Each structure stands twice: as structure tokens, then as C-alpha cells.
Protein chains: 2
Amino acid sequence: MAFSKLERSTAAAQVLEALREQILSGDIPGGEQLRQERIAEELGVSRVPVREALNQLEAEGLVRIVSHKGAVVTRLSLDELREAYEIRAQLEAWLLRLSIPNLAADDFLRAEAILAELDAAAPEQWSDLNWAFHVALYRPAARPQAVSIARKMYLNAYRHLPVPARVMGHRDRMQREHRSLLRLCRERDVEGACRALDAHIADAAAGLIAVLSSGPAAEAAVKTRKKKGRSE
Amino acid sequence: MAFSKLERSTAAAQVLEALREQILSGDIPGGEQLRQERIAEELGVSRVPVREALNQLEAEGLVRIVSHKGAVVTRLSLDELREAYEIRAQLEAWLLRLSIPNLAADDFLRAEAILAELDAAAPEQWSDLNWAFHVALYRPAARPQAVSIARKMYLNAYRHLPVPARVMGHRDRMQREHRSLLRLCRERDVEGACRALDAHIADAAAGLIAVLSSGPAAEAAVKTRKKKGRSE
DNA sequence: CGATCGTATATTGGATCCAATCGGGAACGC
DNA sequence: GCGTTCCCGATTGGATCCAATATACGATCG
């Protein structure tokens, strides 16, 4: 079995965590059917906590449940992906605008530390570190709900990027954009920083959409894997 | 029992719908403990679908579940309420900006019909109609996720407005603001309309916050009711 | 030969039963 | 008198069992 029986709080919470992790990482690709029985036995619990977790995931928009048919991992259309990035751009630009005047030396240090970490990190960590960098810049804005929404949009889009496209990805370019964004924040150039942030997000969107629309081959490869069974 | 056994899809979905309705309408006030047993017998189902519904509500942020202690209806702090309105303002201004150039005669007609309906409607319908008006203006933007987020923020804030404050509320003022906003949209005055919308939302926020911070009496009255039991 | 209806099976939805945990109160000791 | 400990009731979490429903396959009839 692929999972180890963790010992923490409730079984439902563990199942939720495990499933969410696997969905957001792309380990379980969009379109995949989630069978309660299989998940239950893989995690060593009964179907009840699995169902509770699935319900929660549905409310989070990560799976879609149809009565008596089961749960399927959702997949965002190109339009939905575009919109997710647009929403991020709107919210994060606003956050940055609020934040820049109050960014402290501490914040800059942490942001730089994250960038340094990102330079050396393995691809699986890029997503989290990238987001950590963004959030570091928004801390003084003190708008947790907005950050949470933006994060949700970020993760929900990122999982659609096929794994091969992540490693060969545009990390250098991203890092350049990060560093110039950080510089603009240091100079308290609100308008410049917001423009840079907007461009940065638009860039990421364009990259994802380019991969998805030009290379349906990769998508197909991911889809076929679901048929073979993922029980190893 | 307060609920009639509806016959539709699954029991869990019915419970979810019923609970969400009651929470968003303010019928079940924030801070209230939700006992599975009671809800189950009131709706004539077992505790299982109730738990599934509660899990979903937790993911929606309407209740908070603590292990082995139960579910409590969440209550937003003043800061959180302020932020919810700010997020609405950001997203809806963006939506309006996208929308105005493409608003058709049809849209204006529908918006006006909603305003007319609002003039005559009972207080319980104000919330839905108010939102329907806003959404009518955003239709050409074709950004369903953003609308959905804004709606969630709207509903989540509105349920905190004590019922007495709703009826004596500022409907006339709201309607004036609605009509001038609509006029600006007709004139394709993007900047003016966005300013008006921003002011409109800020107004609503100020009203709610004024009621909540000046009149903790009403809040206390609501809280005490929870002790008496709501079984009628 | 094809379409349609029925049945059989797999899978989900729900109910009941049991276990784990929390809260409060009583008994005990200091 | 006050604090501590232990136990009991209440409530939630989880497992097993049963019911309902959808899908697939095959039989029957036109």
C-alpha cells in the first residue's frame, strides 16, 4: 500500500490531508475517479472517514461528487485557469499596494532567504517556496482571507502543470522576475512593483496555458496512466 | 419538528442545504453549537448525513469543527468583516470594469426589473435580490469564479447583520445608490461607476460595522437565545 | 440482426452499533 | 476549605451492515 498509517487526530482529517496533498501535487491527476473502497483500504480505515474527506474536498472544489456515481478530481478548463490567474493578479496587486509602505527590513530578509532557498531547491518544493515568497511580501497588508483565496487559486492552477513541464520550467526567468519585484518593493515603487507583479502572474499564466494548449500529448500521457492503476 | 422531510437527491445534500440556508439567513446565529443528534432527528435522518453536511460546511467556512467537541457556527470578527467587504470591492470593481463596455440593453432591463422587485419585496428577500442586481451587472464579464467568491464574501458578511437592523435598514439609500450606479453604467462611465460601486460597498460595510460595534446589546440578545434551545 | 428490457454486479448512500474522548461532578486527600 | 483524582454521562468518531442506485451484460422479442 502506498500510504503509511499516520497516527494523528482523526482518521477523516488524515484522509483529507492525504488526498488533498496528492491532488494538489498532481500525483492524482484531474479526471481521475476516486473509489472509496480503494482509498479506504490503502489508508487502513473504513469508508466513512473517506466519504467525509471527499465531501470536504468537494466543498473545496477539488473533486466533484455525483450521486451514486462517485467522486472525480476536477480539472479546470483553460478559461477557468485564465480566470484563476486574473483573480490572483487582482488580489495580489491590491495586497502589494497595501503592503509596500509597511514592509520592514525583516520582511526583505525573509523574502531573500526564500529566494535563495528556491535557487537550490528540488522541483517538488518550488511550488511552496514560490508561494512563500509571494506571501512574505503581503504580510504587512494583514489580509489573511485575501491571501487565502489567492493561495487557493495558485495551487488549483499549479496542479494542472504537467510534471515534466515543471522541471524544465522557467525557474531562472521566474527568479529574475522575483528579484526585480523585490527590488521595486525595496525602493517603495508601488506602481512599478504592481506592474511587475501583474506581469509576473500573467507570465506564469501564459506559460501554463502554452503548455496545456500546445502539448495535449503530455496531458494524454498523464491521463493514460490512470488506466494502468496507481496501486504501487 | 421544524423541518419537513423533503424528497430529493441524497439526505446529506438536503441536510447541507437546510443548514446552509439557516446559517446564511441568520436563523442559526454565529457561535451556536450544532449537535448532530438534534439535527438528525429534526430532519428525520441518521447522524451520518449530518456529519457529511457539517464537514462540507466546515470547508465552506460556515462552521468550525473541533475533534470530539462538535461544530460551532463561525462568527467573523470586525476585521474579518471589513476584509470581506474590501475583497468584494476589489473583485467587483474589476468585474464592473470588464463588464461595462459589453453591457447590453437586456442587462439593463433585467437590472431594473430587479430593482423594482426590490422596492416591493419583503425584507427576507432583500439579500438575494440585492446580490442578483450586482450579478446582473457583471454578466458580460464572464468571470464566474470571481462572482462566486464575491458572493461568498457577501453572504458571509450579511448573515452577521442582526435581523432587527435589516428591516429598519437603509433600503432607500441602497436603492438610490443602486440606481445611480446603474445610470453610470448606462452612460458607460467606467471610472465613475467603479467609484460609485466602491462607495456603495464601503457604505454597506460601514453600516454593518456601526451596528455591530455600537450595539452589542443586539448581539447579546442573539447569543442568549442559544441557551434557551431552538426546538420550536 | 438489432433494439429494448430485465437482471446481475459493483459502488455509493444511510442506519445502527461500538469505541474513543471530553466535560463535569463527586469522592477523596491534604 | 481547597485542590486533585477518578468516574460517569454526553457527544462525537469509526466500523460494519444493509439499502438504493447506476452500469454492464445478456436474453428476448420484433
Side-chain angles (χ1 to χ4, degrees), chain A residues 1 3-20 23 28 31-60 62-74 226-231, chain B residues 1 3-20 23 28 31-60 62-74 226-231:
Chain A
M1 48 187 84
F3 304 92
S4 56
K5 295 189 194 177
L6 308 172
E7 49 270 327
R8 274 188 45 202
S9 58
T10 70
Q14 294 169 38
V15 176
L16 176 62
E17 208 173 329
L19 285 179
R20 185 162 42 203
I23 293 176
I28 302 181
E32 174 124 348
Q33 267 274 355
L34 299 178
R35 296 291 170 200
Q36 300 177 0
E37 186 74 41
R38 166 202 272 287
I39 299 171
E41 71 182 31
E42 275 183 352
L43 279 92
V45 297
S46 94
R47 275 175 38 218
V48 177
V50 174
R51 277 167 53 185
E52 292 182 14
L54 288 177
N55 276 303
Q56 214 150 333
L57 288 175
E58 190 194 24
E60 293 176 23
L62 293 183
V63 308
R64 171 156 194 184
I65 298 180
V66 219
S67 294
H68 298 99
K69 285 195 52 178
V72 178
V73 178
T74 56
K226 98 179 177 190
K227 282 293 173 190
K228 308 267 307 180
R230 327 175 333 90
S231 48
Chain B
M1 49 185 85
F3 303 92
S4 56
K5 296 189 194 176
L6 308 173
E7 47 272 327
R8 272 189 46 201
S9 57
T10 70
Q14 294 169 38
V15 177
L16 175 63
E17 205 173 331
L19 284 180
R20 184 161 43 201
I23 293 175
I28 303 181
E32 175 123 350
Q33 268 273 356
L34 298 178
R35 297 291 171 201
Q36 300 176 2
E37 187 75 41
R38 165 201 273 287
I39 299 171
E41 71 182 31
E42 277 183 350
L43 279 93
V45 295
S46 94
R47 274 175 39 221
V48 176
V50 174
R51 276 168 53 185
E52 293 182 13
L54 288 177
N55 276 305
Q56 215 151 332
L57 288 174
E58 191 194 24
E60 294 175 22
L62 293 183
V63 308
R64 173 157 193 184
I65 298 180
V66 217
S67 295
H68 298 99
K69 284 196 53 179
V72 178
V73 178
T74 57
K226 98 180 176 189
K227 283 292 172 191
K228 307 267 307 180
R230 330 177 329 90
S231 47

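Atom set for the values below is all heavy atoms of this structure, side chains included, hydrogens, waters and symmetry mates excluded. Per chain, numbering begins at 1; letters A, B, ... match sequence-line order. Keep in mind that what you see is a predicted model, and the values were worked out from it rather than measured.
Across V72(A), L19(A), I23(A), a single residue satisfies side-chain contact (heavy atoms from CB on, under 4.5 Å) together with V63(A), and that is I23(A).
Side-chain contact between E52(A) and T10(A): absent, with no pair of heavy atoms (C-beta onward) separated by less than 4.5 Å.
Computed from coordinates, the E37(A) CD to dA10(C) C1' distance equals 10 Å when rounded to whole Å. If you measure from atom CD of E41(B) to atom C1' of dT11(D), you get 14 Å, rounded to the nearest angstrom. At whole-Å resolution of the value, CD in E58(A) and C1' in dG13(C) are 14 Å apart. Atom pair L16(B):CG and dG13(C):P shows a separation of 14 Å (rounding to whole Å applied). Residue R51(A) contributes atom CZ, which lies 13 Å from atom P of dA15(D) at whole-angstrom precision. Taking atom CZ on R64(A) and atom P on dT12(C), their separation rounds to 17 Å, with Å as the unit. One can place CG of N55(B) at 14 Å from P of dG14(C), the figure rounded to the nearest angstrom.
Checked against dT12(D), dT11(C), dG13(C), the side chain of I65(A) finds its nearest nucleotide in dG13(C). The H68(B) side chain lies nearest to dC22(C) when the options are dC22(C), dG13(C), dA15(C). Taking the side chain of S46(A) as heavy atoms from C-beta on, and the options dT12(C), dG14(C), dG14(D), the nearest nucleotide is dG14(D). Side-chain proximity of V48(A) to the nucleotides dT12(D), dG14(C), dA15(D) is greatest for dA15(D).
Phosphate proximity of dG13(D) to Q36(B): present, with a side-chain N or O under 4.0 Å from OP1 or OP2. Contact annotation: R35(B) reaches the phosphate of dT12(D) (side-chain N/O to OP1 or OP2, under 4.0 Å). For the pair K69(A) and dT23(D), the criterion of a side-chain N or O lying under 4.0 Å from OP1 or OP2 is met.
Considering CD1 of I39(A) and CG of L54(A), their distance stands at 5.5 Å, rounded to 0.5 Å. We find the CG-CD distance between L57(A) and Q56(B) to be 10.0 Å, quoted to the nearest 0.5 Å.
Between S67(A) and R47(B), the residue whose closest nucleotide on DNA chain D is further toward the 5' end is R47(B).
As judged by a 4.0 angstrom heavy-atom cut-off over every strand, L34(A) is placed among residues touching the sugar-phosphate backbone only.
Here the shortest heavy-atom pairing between A53(B) and A12(B) reads CB-O, 4.0 Å.
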